[in-house]
Asks: 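Supplied in structure tokens, the structure appears directly below.
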Amino acid sequence: MPLDTSRTEPHPEPAATHETRRRLEHARTTSLTQLHALTENTHTNEQLMSTQTSAIRQTLQDIDTAFARLEAGTYGTCRTCGTSIPEERLEILPYTSYCVTCRHRTTA
Ligand SMILES: [Zn+2]
């Protein structure tokens, strides 16, 4: 009996969702690598390191939020105005929760 049969899902994910998941995973891996490199490098100025570390931690938090939004079906819409975030923007920043207009208005 092949083990694969149990992995069949009743509702297969749309290709776009799968692609988004892949992008988010990639972004998370990149952030974790950066975080690791940063903490490994003892020559880095402490102040600078703490600034960069918290920026990366923020990104990782954004990625978690994006995953949750993907599950909830709200991924890709702006949290402030509710418009769809352009695909080009999501390609560059897959974990963003705001459209360009709102991003400039908030610091989040
Ligand atoms: Zn917006």
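The structure displayed is predicted, hence computed values, not measured ones. When a ligand or atom number is given, it counts from 1 through the structure's own listing order.
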Asks: Near the Zn ion (ligand 1), which protein N/O/S atoms are found at less than 2.8 Å?
Replies: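 Metal shell, protein only: Cys78 SG, Cys81 SG, Cys99 SG, Cys102 SG.
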Asks: How far does CZ of Arg69 sit from OG of Ser97, to the nearest 0.5 angstrom?
Replies: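 Arg69 CZ to Ser97 OG: 4.5 Å, rounded to 0.5 Å.
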Asks: Using atom types as modelled, flag every donor-acceptor pair under 3.5 Å from a side chain in residues 31-38 to any protein atom, sequence neighbours excluded.
Replies:
| residue | atom | partner | partner atom | Å |
| --- | --- | --- | --- | --- |
| Ser31 | OG | Ala27 | O | 3.1 |
| Thr33 | OG1 | Thr29 | O | 2.7 |

Asks: Measure the OG1-OH distance between Thr65 and Tyr95 for me, rounded to the nearest 0.5 Å.
Replies: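 The OG1 atom of Thr65 sits 12.0 Å away from the OH atom of Tyr95.
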Asks: Sequence neighbours excluded, which residues qualify as salt bridge (charged side-chain N to carboxylate O under 4.0 Å, His left out) partners of Arg22?
Replies: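 Partners of Arg22 under the salt bridge (charged side-chain N to carboxylate O under 4.0 Å, His left out) test: Glu19.
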Asks: Hey, could you give me the CZ/CD1 distance between Arg79 and Ile85, rounded to the nearest 0.5 Å?
Replies: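 Atom-to-atom, Arg79:CZ and Ile85:CD1 are 10.0 Å apart.
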Asks: Tell me, please, which residues at least two apart from Glu40 pass side-chain hydrogen bond (donor to acceptor under 3.5 Å, both in side chains).
Replies: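 Listed in chain order: nothing, the list is empty.
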